[in-house]
Engineer: 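Handing you this structure, nothing more for now.
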Amino acid sequence: MSTYDLNKFKGIIVAMYACYDEDGNVCPESVKRLARHYAGTGVKGLYVGGSTGEGILQSVAERKLALEAVMEEVGGELTVIVHVGAPSTRDSVELSIHAESVGADAISAVPAIYYRLPPAGVERHWRAMIDSTKLPFIIYHIPQTTGFQLTTSLLSKMAAHERVIGVKISSESAFELQQFKAAGGPDFLVLNGPDEQYLAGRSIGADGGIGGTYGVMPELFLHIERCFVDSRMEEALEWQTRVNAIIVELLSFPSLYGACKAIMGLRGLDCGEPRLPLLPLGESDMERAAALKAKIMEYTGNVKAERTIVS
């Protein structure tokens with residue numbers, strides 16, 4: 001049985017966007033405003049410095065600055081999971097130690113990128129982070145970007161460590177999610193990564209999810225979660241279908257992150273432009289982004305009205 005409170009990691013966890021000022025520098029004030037916004041929606045927590053948070057594109061100092069701003073604003077109020085993965089194990093360990101020092105709830109990491117490593121190399125990379133703190137560790141499995149395919153044998157080996165509490169699965173196979181859940185055991189967390197299959201992931205054993213598009217519509221994912229918990233599966237599927245239509249539109253832009261940040265700006269939360277090589281949204285796409293934002297707000301109003309009626 002895990003020595004950690006696993007319930008704090010279950011449910012809707014928003015993969016937080018990076019926040020920059022007009023010069024492209026990490027902006028602590030914007031980070032705090034965004035964190036406060038998410039706290040007000042009722043999400044369980046934040047995943048800081050992951051793919052959506054552009055952590056791989058930031059320096060170690062910038063990643064520390066962003067996390068410090070999050071912890072100052074919502075530390076102890078929301079569950080904060082810090083992605084500490086970096087090309088260098090040394091940098092990952094430094095980020096892990098810093099995460100513990102500022103009071104984060106857990107650390108998480110992808111395998112080392114660029115170099116094609118054998119499972120033994122990835123294991124040593126992760127264990128260096130795990131051994132550097134007393135924080136729980138969540139594996140981040142995203143083979144489409146890292147090129148590393150996590151096996152059930154390595155997962156089982158890692159899960160045997162008392163501080164390895166779960167895995168974030170961003171591969172597109174619900175079957176793999178189910179297999180990892182079985183390999184990890186009943187006290188091992190599995191967090192759904194692909195936003196478009198949140199309901200499918202929950203249905204096949206995921207304990208919650210961490211997602212990037214949650215950020216522009218957290219209220220809608222929270223509604224899907226409520227419907228699932230209440231066994232209103234037909235309604236949950238209806239809302240997952242609506243959400244997926246929005247995701248399809250987001251993916252139709254030249255830059256997913258640019259589109260998400262533009263929509264957040266239209267919602268009154270300026271996150272700045274994504275950092276190159278991620279593209280910002282061009283002026284020609286802003287009208288479409290505004291229309292999509294209006295659709296999100298309409299749906300958000302609908303689920304809020306329904307919740308008011310039910311309560």
Side-chain angles (χ1 to χ4, degrees), residues 10-17 37-38 41-45 47 50-52 141-142 144 168-181 190-264 266-267 281 285 287-311:
K10 297 178 180 180
I12 300 296
I13 297 176
V14 173
M16 194 167 170
Y17 302 117
H37 166 72
Y38 290 134
T41 66
V43 299
K44 179 63 69 72
Y47 190 85
S51 305
T52 304
H141 176 54
I142 181 167
Q144 59 268 41
K168 175 185 186 289
I169 302 179
S170 291
S171 59
E172 297 178 355
S173 170
F175 172 71
E176 185 172 51
L177 186 154
Q178 184 272 329
Q179 291 294 293
F180 282 179
K181 184 69 175 179
V190 170
L191 299 167
N192 185 80
D195 302 357
E196 63 275 13
Q197 66 178 42
Y198 179 77
L199 181 60
R202 286 289 274 133
S203 299
I204 206 166
D207 299 286
I210 299 172
T213 66
Y214 296 7
V216 296
M217 47 185 168
E219 302 90 348
L220 304 188
F221 278 95
L222 284 165
H223 189 65
I224 294 170
E225 172 67 9
R226 282 193 294 270
C227 289
F228 176 80
V229 170
D230 293 341
S231 298
R232 293 181 285 154
M233 293 300 292
E234 185 174 343
E235 184 179 355
L237 178 57
E238 289 175 0
W239 278 102
Q240 181 73 71
T241 301
R242 293 186 182 102
V243 161
N244 285 359
I246 292 171
I247 293 174
V248 168
E249 290 193 58
L250 286 170
L251 292 172
S252 73
F253 289 94
S255 167
L256 171 62
Y257 299 114
C260 288
K261 286 192 167 190
I263 289 171
M264 293 309 296
L266 292 169
R267 290 195 66 166
L281 212 62
D285 287 316
E287 185 175 345
R288 274 206 305 139
L292 189 53
K293 177 260 184 182
K295 181 185 292 186
I296 291 170
M297 298 314 297
E298 177 187 353
Y299 286 163
T300 298
N302 290 342
V303 298
K304 285 184 176 179
E306 178 185 310
R307 188 166 52 176
T308 300
I309 292 171
V310 171
S311 61

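Just so you know, these numbers come straight off a predicted model, no measurement behind them. Note that the numbering runs from 1 along the sequence shown for the chain.
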Engineer: How close do Thr213 and Tyr17 get, counting heavy atoms only, and between which atoms?
Structural biologist: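 Taking Thr213 first and Tyr17 second, the nearest heavy atoms are CA-OH, 4.1 Å.
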Engineer: Please report the closest heavy-atom contact between Asp207 and Leu191, naming both atoms and the distance.
Structural biologist: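 For Asp207 versus Leu191, the nearest heavy atoms are C-CD2, 4.4 Å.
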Engineer: Can you tell me which residue pairs pass the side-chain hydrogen bond (donor to acceptor under 3.5 Å, both in side chains) test with a partner in residues 290-301, sequence neighbours excluded?
Structural biologist: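 Sorted pair list: Glu249-Lys295.
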Engineer: Say you draw a straight line from CZ of Arg202 to CE of Met233; how long is it, rounded to the nearest 0.5 Å?
Structural biologist: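 If we round to the nearest 0.5 Å, Arg202:CZ and Met233:CE are 9.5 Å apart.
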Engineer: When the side chains of residues 253-261 are checked against the rest of the protein, which donor-acceptor pairs come out under 3.5 Å, sequence neighbours left out?
Structural biologist:
from   : atom 1 : to     : atom 2 : distance (Å)
Ser255 : OG     : Gly258 : N      : 2.8
Ser255 : OG     : Leu279 : O      : 2.6
Lys261 : NZ     : Ala18  : O      : 2.9
Lys261 : NZ     : Glu54  : OE2    : 3.0

Engineer: Could you state the interatomic distance from CG (Leu292) to CG (Leu250), rounded to the nearest 0.5 Å?
Structural biologist: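 The CG atom of Leu250 is 5.0 Å from CG of Leu292, to the nearest 0.5 Å.
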Engineer: For Ser170, which residues count as a side-chain hydrogen bond (donor to acceptor under 3.5 Å, both in side chains) partner, sequence neighbours excluded?
Structural biologist: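 So Ser170 forms a side-chain hydrogen bond (donor to acceptor under 3.5 Å, both in side chains) with Lys168.
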Engineer: Determine the minimum heavy-atom distance between Leu281 and Ala262, stating which atoms define it.
Structural biologist: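 Of all heavy-atom pairs spanning Leu281 and Ala262, the closest is CD2-CB, 3.6 Å.
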Engineer: Say you draw a straight line from CD of Glu176 to NZ of Lys181; how long is it, rounded to the nearest 0.5 Å?
Structural biologist: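 Going from the CD atom of Glu176 to the NZ atom of Lys181 covers 15.0 Å.
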Engineer: Considering only heavy atoms from C-beta outward, does the side chain of Ile169 approach that of Asn192 to under 4.5 Å?
Structural biologist: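 No, too far: nothing below the 4.5 Å cut-off.
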Engineer: Could you go through Ser171 and His141, starting from their C-alpha distance and side-chain angles, then the distance that decides it, and tell me whether this counts as side-chain contact (heavy atoms from CB on, under 4.5 Å)?
Structural biologist: CA-CA 7 Å; Ser171 59; His141 176 54; 3.8 Å; yes
Engineer: Within the 4.5 Å heavy-atom criterion, are Gln197 and Asn244 side-chain neighbours or not?
Structural biologist: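 No, side chains not in contact.
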Engineer: Can you find a pair of side-chain heavy atoms, one from Thr52 and one from Met16, that are under 4.5 Å apart?
Structural biologist: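 Of all side-chain heavy-atom pairs linking Met16 with Thr52, none is under 4.5 Å.
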Engineer: Do other residues, nucleotides or ligands put more than 12 heavy atoms under 6.0 Å from the CD atom of Glu234?
Structural biologist: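 Counting other residues, nucleotides and ligands, CD of Glu234 stays at 12 neighbours or fewer.
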Engineer: Do any N or O atoms from the side chain of Tyr198 and from the backbone of Ile224 form a donor-acceptor pair under 3.5 angstrom?
Structural biologist: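 No: the side chain of Tyr198 does not pair with the backbone of Ile224.
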Engineer: Nearest heavy-atom pair of Thr41 and Val43: which atoms, and what distance?
Structural biologist: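 For Thr41 versus Val43, the nearest heavy atoms are OG1-CG1, 3.3 Å.
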Engineer: So Asn302 and Arg242, do their side chains get closer than 4.5 Å, heavy atoms only?
Structural biologist: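 Heavy-atom side-chain distance check fails, nothing below 4.5 Å.
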Engineer: For Gln240 and Leu199, indicate whether the former's side chain and the latter's backbone hold a donor-acceptor pair under 3.5 Å.
Structural biologist: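 It does hold such a pair.
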Engineer: Answer yes or no: is there a side-chain heavy-atom contact under 4.5 Å between Glu225 and Ile12?
Structural biologist: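 SC-SC contact between Glu225 and Ile12 confirmed.
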Engineer: Take atom CD of Glu172 as the centre, draw a 6.0 Å sphere, and report whether it contains more than 12 heavy atoms from other residues, nucleotides or ligands.
Structural biologist: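 Check fails, neighbour count at 12 or below.
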Engineer: Looking at side-chain heavy atoms only, is the closest gap between Gln178 and Ser173 below 4.5 Å?
Structural biologist: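 Sidechains of Ser173 and Gln178: no contact.
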Engineer: Kindly give the heavy-atom pair with the smallest separation between Tyr47 and Ile13, and that separation in Å.
Structural biologist: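 So the two residues come closest at N-CG2, 3.8 Å.
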Engineer: Measure across Ala206 and Leu177 and return the closest heavy-atom pair with its distance rounded to 0.1 Å.
Structural biologist: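 Ala206 and Leu177 have their closest heavy atoms at N-CD2, 3.8 Å.
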Engineer: Between Glu219 and Arg267, does any side-chain N to carboxylate O distance fall below 4.0 Å?
Structural biologist: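 Between Arg267 and Glu219 there is a salt bridge, with a charged N closer than 4.0 Å to a carboxylate O.
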Engineer: Decide yes or no for Ile204 and Phe175: does some side-chain heavy atom of the first lie under 4.5 Å from some side-chain heavy atom of the second?
Structural biologist: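 Answer no - side chains too far apart.
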Engineer: Do Arg288 and Asp285 make a side-chain contact, defined as non-hydrogen atoms from C-beta onward lying under 4.5 Å apart?
Structural biologist: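 Arg288 reaches Asp285 side chain to side chain.
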Engineer: Could you walk me through whether Phe221 and Asp195 pass the side-chain contact (heavy atoms from CB on, under 4.5 Å) check?
Structural biologist: CA-CA 9 Å; Phe221 278 95; Asp195 302 357; 3.8 Å; yes
